[in-house]
Amino acid sequence: METHISVRLLHSFEELTLVQELEGMVWEADHPLPIHQTITAVKNGGIVLGAYDEDKLVGFQYSFAGFDGKKAYLCSHTLGIHTDYRKCGIGEMLKRAQRDEAIKKGYDLITWTYDPLETVNANLNIKKLGAICSQYIENCYGEMPDSLNAGIPSDRLLAEWWIISDHVAETLGHNGGAQVTVTDCSTVIKVNINDQGYPVPVETITSLTTKDVRLLVPVPAFYQNIKGHDLSLALSWRMATRSVFTHYFQQGWQVVGFIKNEVAEHEKTSSVHYYVMEKNK
């Protein structure tokens, strides 16, 4: 599909009504965000961005002002893309525009949560944008009934996007920052392939030697595919990754990179991608 996408700030009731309608479509939600909330957020340090194909809203990003008692930051809450416009790079366009607008408002940090097993999001957040993670939140939103989350605890990584840092500038300027290969690192989840061709976590590793400077956390390349075929295996992946992320974050490690393997058609069900972790300096 050939598209000519533009991104702009949204302010009006009419614009935010379109955002609400698109949100309901993307998540099949009966109760999307009320307009009185988004319009109030926009007037008080928040940002709503819309991606347009000519005059049609095809994507949006909603953020509100956050404060933890010490520091103000922008809390990035939702980003949705119309199903007909997926894989067009619109998510990255919206995040880059969000960064530009946040800098204008004086922010240096944007935070959001995402499911660490959703590798499309990981590739955007970590590899393309340069966010880092050092906090794991178990069952962050409780039981979620939507099609992406039903039946699995809603664990999340907290992404921290330090938008004026050298790390982010390098990542954005060089399409993913410095390259790391699998052979450079120690893998902390051992994986086998089962009879159905799916990757299975068989052992988590929490003891390392002092020579380990980078760690790899494998995650299935197509988690929703696994979830649709074998919910117990999907839950095993949730528990295995929860165990290693929680352990290594407590030991001072942080997620700094993501390796997305090129996957051949016949390898799609068995493939894994990798988070890259380094000791926090």
Side-chain angles (χ1 to χ4, degrees), residues 66 68-71 73 75-76 108-119 121-142 152-163 165-168 170-171 176-192 199-221 223 233-261 272-281:
D68 63 3
K70 297 179 181 178
K71 180 176 179 57
Y73 52 90
C75 185
S76 186
D108 65 355
L109 173 64
I110 303 176
T111 69
W112 63 93
T113 61
Y114 77 97
D115 187 334
L117 294 172
E118 295 294 346
T119 55
N121 295 341
N123 190 60
L124 172 62
N125 297 338
I126 309 302
K127 182 176 177 62
K128 292 185 177 181
L129 299 179
I132 61 174
C133 305
S134 58
Q135 184 176 340
Y136 190 93
I137 308 169
E138 295 185 13
N139 205 25
C140 180
Y141 301 111
I152 301 291
S154 58
D155 291 17
R156 297 293 185 264
L157 286 175
L158 177 68
E160 296 183 358
W161 198 22
W162 294 92
I163 54 178
S165 68
D166 291 342
H167 173 70
V168 168
E170 179 183 354
T171 302
Q179 298 300 307
V180 176
T181 64
V182 172
T183 56
D184 295 333
C185 313
S186 299
T187 304
V188 295
I189 298 178
K190 291 185 179 180
V191 179
N192 287 341
V200 178
V202 294
E203 182 184 354
T204 59
I205 301 168
T206 56
S207 59
L208 298 169
T209 65
T210 55
K211 68 180 179 62
D212 293 297
V213 294
R214 289 195 182 98
L215 307 179
L216 291 181
V217 182
V219 289
Y223 182 64
L233 177 56
L235 185 59
S236 294
W237 272 108
R238 174 66 86 216
M239 295 300 107
T241 50
R242 175 191 286 184
S243 173
V244 295
F245 280 126
T246 300
H247 173 80
Y248 286 108
F249 287 161
Q250 290 174 347
Q251 301 303 312
W253 295 78
Q254 61 184 3
V255 170
V256 297
F258 188 75
I259 300 173
K260 182 180 179 182
N261 289 318
V272 295
H273 301 320
Y274 297 92
Y275 285 94
V276 181
M277 301 184 75
E278 293 180 356
K279 199 82 168 181
N280 191 5
K281 300 175 182 178

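Environment of CG in D68: crowded, with over 12 heavy atoms of neighbouring residues, nucleotides or ligands closer than 6.0 Å. For K190, the NZ atom sits in a loose shell: 12 or fewer heavy atoms of surrounding residues, nucleotides or ligands are nearer than 6.0 Å.
The side-chain heavy atoms of I152 and Y223, taken from C-beta on, include a pair separated by under 4.5 Å. Side-chain contact between K71 and D108 is present, with heavy atoms from C-beta onward closer than 4.5 Å. No side-chain heavy atom of F258 sits less than 4.5 Å from a side-chain heavy atom of K128. Looking only at side-chain heavy atoms (C-beta outward), S154 and R238 stay at 4.5 Å or farther from each other. Residues W237 and V191 are in side-chain contact: their nearest non-hydrogen atoms beyond the backbone lie under 4.5 Å apart. The shortest distance between side-chain heavy atoms of P201 and L233 falls below 4.5 Å. Between Y275 and C133 there is no side-chain heavy-atom pair separated by less than 4.5 Å.
Between the side chain of T171 and the main chain of H167, a donor-acceptor pair closer than 3.5 Å is present. A donor-acceptor pair under 3.5 Å links the side-chain atoms of D155 to the main chain of N139, judged by distance alone. Looking at K260, its side chain never comes within 3.5 Å of a backbone N or O of A122 through a donor-acceptor pair. At least one donor-acceptor pair under 3.5 Å links the side chain of W161 to the backbone N or O of L129. Judged by distance alone, with hydrogens and angles left aside, the side-chain atoms of H273 form a donor-acceptor pair with the main-chain N or O of N261 at under 3.5 Å.
Taking K70 as the reference, nothing meets the salt bridge (Lys or Arg N to Asp or Glu O under 4.0 Å) condition, with sequence neighbours excluded.
Of the residues listed (V217, V255, L216), the one engaging V276 in a side chain to side chain contact (heavy atoms under 4.5 Å, CB included) is L216, and it is the only one.
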What's the verdict on side chain to side chain contact (heavy atoms under 4.5 Å, CB included) for H247 and W253, showing C-alpha distance, side-chain angles and the deciding distance?
-> CA-CA 9 Å; H247 173 80; W253 295 78; over 6 Å; no

